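Beneath this line is the structure, given in structure tokens, with notes to follow.
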Amino acid sequence: MVENVVHEERMSNLHYLLQLCAKTRSSVGGRACHAQIIRVGWEMDVLTSNMLINLYSKCSLVDSARKKFNEMPVKSLVSWNTMIGALTQNDEDQEEALTLLIQMQREGTPFNEFTISSVLCKCAFKCAILECMQLHAFSIKAAIDSNCFVGTALLHVYAKCSSIKYASQIFDSMPERNAVTWSSMMAGYVQNGFHEETLLLFHNAQLMGLEQDPFMISSAVSACAGLATLVEGKQLHAISHKSGSGSNIYVSSSLIDMYAKCGCIREAYLVFQGVMEVRSIVLWNAMISGFARHAYAPEAMVLFEKMQQRGFFPDEVTYVSVLNACSHMGLYEEGQKYFDLMVRQHKLSPSVLHYSCMVDILGRAGLVHKAYELIERMPFYATSSMWGSLLASCRVYGNIELAEIAANHLFEMEPNNAGNHILLANVYAANKKWDEVARARKLLRENDLKKERGTSWIEIRNKIHSFTVGERNHPQMDEIYAKLDDLVVELKKLNYKVDTDNDLHDVEESRKQMLLRHHSEKLAITFGLMCLPSGIPIRIMKNLRICGDCHIFMKLMSKFTSREIIVRDTNRFHHFKDGFCSCREFW
DNA sequence: TTAGGGTTAG
């Protein structure tokens, strides 16, 4: 009797120690516990063995966990689940976790909700949708699909595999959801580009009284970055401070990105300064990418040096960002230097994205033949963006031969993209090849190809106002057009002349001028001037590249109104101030 | 004693 009490007490002390070591991930303590277990002859005890497997798993000692598991003469369901968990949490092979699941069933141990949610974790990592569907079917059959962990893991995998419809169906049908379920669904939406749905879910979670944890906040901030909604982004920034998530690296990096994508590079840098001491390369990458987006190449390069002085090694993302910065400012030599540094010093393999940046850098620098050679010799198939970049460069530098090669590739890859036909026609027009221009126009008409309609939007007091070229639907349209007419009169006094050179609309000159005058960004800036108090910058987003005429218009407008104007087009940001643009005419 | 979630490129 006394012996039993002593035995149980010792056992419980040892179990407590095992738990402590697992919690603190102490492998030294864990090994000492294991030695003690062998000394007292408890290595066959199932509970003790399970705890040892768990401990080794938490210490990332998967081989030791596997050895212990294989040595067990009798295994419980928890033994199998813990071993599967060890494999899924330690980046081990997905196949092994699945094999164990099959093996445990063969050996007569039915799986439970713990088993399925663990194995699903691995499917998410590998984007294995077929396996996920099978596990989904298994869980329905075993009546565990309504379990919160299983449901959350399932929706996470479906979202990771881009099956957002399945993910949201599971979310809607779950009888019980917790914070992890909500944040998984938000992450699923934002990663698949469903930004509005992400924010809607975030608001619903708020209404449900759920605590705003950093997981939810980082997804919601990313959604604001995607939508470029500054007001809501700022509100989330305040929420992150209030809820104690302000210094969380995921929240901080998404805030840096959000501010940069909303045109507020200074605010992005302020967030970065507050967290730059935290050891995370993502924070540096987010800031460098922000500078690149705004064509602040010198700042991006300084930060690139600074990060290395602080002991960070640039990774693939860092290099995409610095190369982009070089591309936006036409810095060919610097771009080449970074590309070589990436390969030689940091031993990184350039991806298709890095080659894409280099094609852009070479083309923009006028080295279109070198750009083409690079496309020909790189170890990847060229993407449509590469051919598009080459075609755009050929237009600027008047190379018809290469323009036709690039265009033919694009026509094959994107047969319905009218922009490519227009770009080629513009190359012919610039070289006065009027027969070819006519042929390209005919092709556009015959195939009924239409260019994406230019749309610009501006956020005024938490409301997005959107304008398309020649907009008629906005309630204040008459006032906007009248104000725009007045502004054009004023700008003409500053030598503004409508530039129709780069416009290929199949219309006469006077109509061309009218269409240009009513480009969406001009309507948005006029509305911004009408609504926003003087002194604060005006931020406009556009779905296409800003045209040459609008670029001149914005420069003069910034001078005439003494306002800072920030325009985001598909490519980058333009900061207009005192009659100049930050891009220095390079875009 | 065992399970599920987030950030930066494009």
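All of these numbers come straight from a predicted model, not from anything done at the bench. Here is the naming used below: chain letters follow the sequence lines, and residue numbers restart at 1 for every chain.
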Going by modelled atom types, is there a donor-acceptor pair between the base of [N] and the side chain of [X] at under 3.5 Å?
X	N	answer
A/S117	B/dG4	no
A/S184	B/dG5	no
A/S253	B/dT7	yes
A/N178	B/dG4	yes

Taking only the side-chain heavy atoms of [X] (C-beta and beyond), determine which of [options] contains the nearest atom.
X	options	result
A/L353	B/dG10, B/dG4, B/dT8	B/dG10
A/S289	B/dA9, B/dT1, B/dG4	B/dA9
A/K261	B/dG5, B/dA3, B/dA9	B/dA9
A/D213	B/dG5, B/dA3, B/dT7	B/dG5
A/V190	B/dG4, B/dA3, B/dT7	B/dT7
A/S219	B/dA3, B/dG5, B/dG6	B/dG6
A/P214	B/dG6, B/dA9, B/dT7	B/dG6

Using a cut-off of less than 4.0 Å, is there contact between a side-chain N or O of [X] and OP1 or OP2 of [N]?
X	N	answer
A/H156	B/dG4	no
A/R293	B/dA9	yes
A/K160	B/dG4	no
A/Q191	B/dT7	yes

Determine the contact category for [X]: base if any of its heavy atoms lies under 4.0 Å from a base atom, sugar-phosphate if only primed atoms, P, OP1 or OP2 are that close, otherwise nothing.
X	value
A/N112	nothing
A/D315	nothing
A/S183	base
A/C357	nothing
A/A292	nothing
A/T383	nothing
A/Q19	sugar-phosphate
A/T82	sugar-phosphate

Margin query: Looking only at side-chain N and O atoms, does A/T318 offer a donor or acceptor that is under 3.5 Å from a partner on A/D315?
Written below: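 Present: a donor and an acceptor within the cut-off.
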
Notebook entry, point to check: Is a side-chain donor-acceptor pair under 3.5 Å present for A/S76 with A/N50?
Noted result: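 Distance-only check passes for A/N50 and A/S76.
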
Next item on the list: State whether A/R310 and A/E277 are salt-bridged, where the test is any N-O pair (Lys NZ or Arg NE/NH1/NH2 against Asp/Glu carboxylate O) under 4.0 Å.
Entry: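 Counted as a salt bridge, because a side-chain N and a carboxylate O are separated by less than 4.0 Å.
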
Margin query: Under a 4.0 Å threshold between the charged nitrogen and the carboxylate oxygen, would A/E131 count as salt-bridged to A/K122?
Written below: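 Looking at A/K122 and A/E131, the cut-off is not met.
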
Notebook entry, point to check: What orientation do A/Y269 and A/F291 show, parallel under 30°, tilted 30 to 60°, or perpendicular over 60°?
Noted result: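 Judged by the thresholds at 30° and 60°, the geometry between A/Y269 and A/F291 is tilted.
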
Note to self: Classify the ring geometry of A/F312 against A/W284: parallel below 30°, tilted from 30° to 60°, perpendicular beyond 60°.
What the structure shows: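 Tilted: the ring planes of A/F312 and A/W284 meet at 30° to 60°.
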
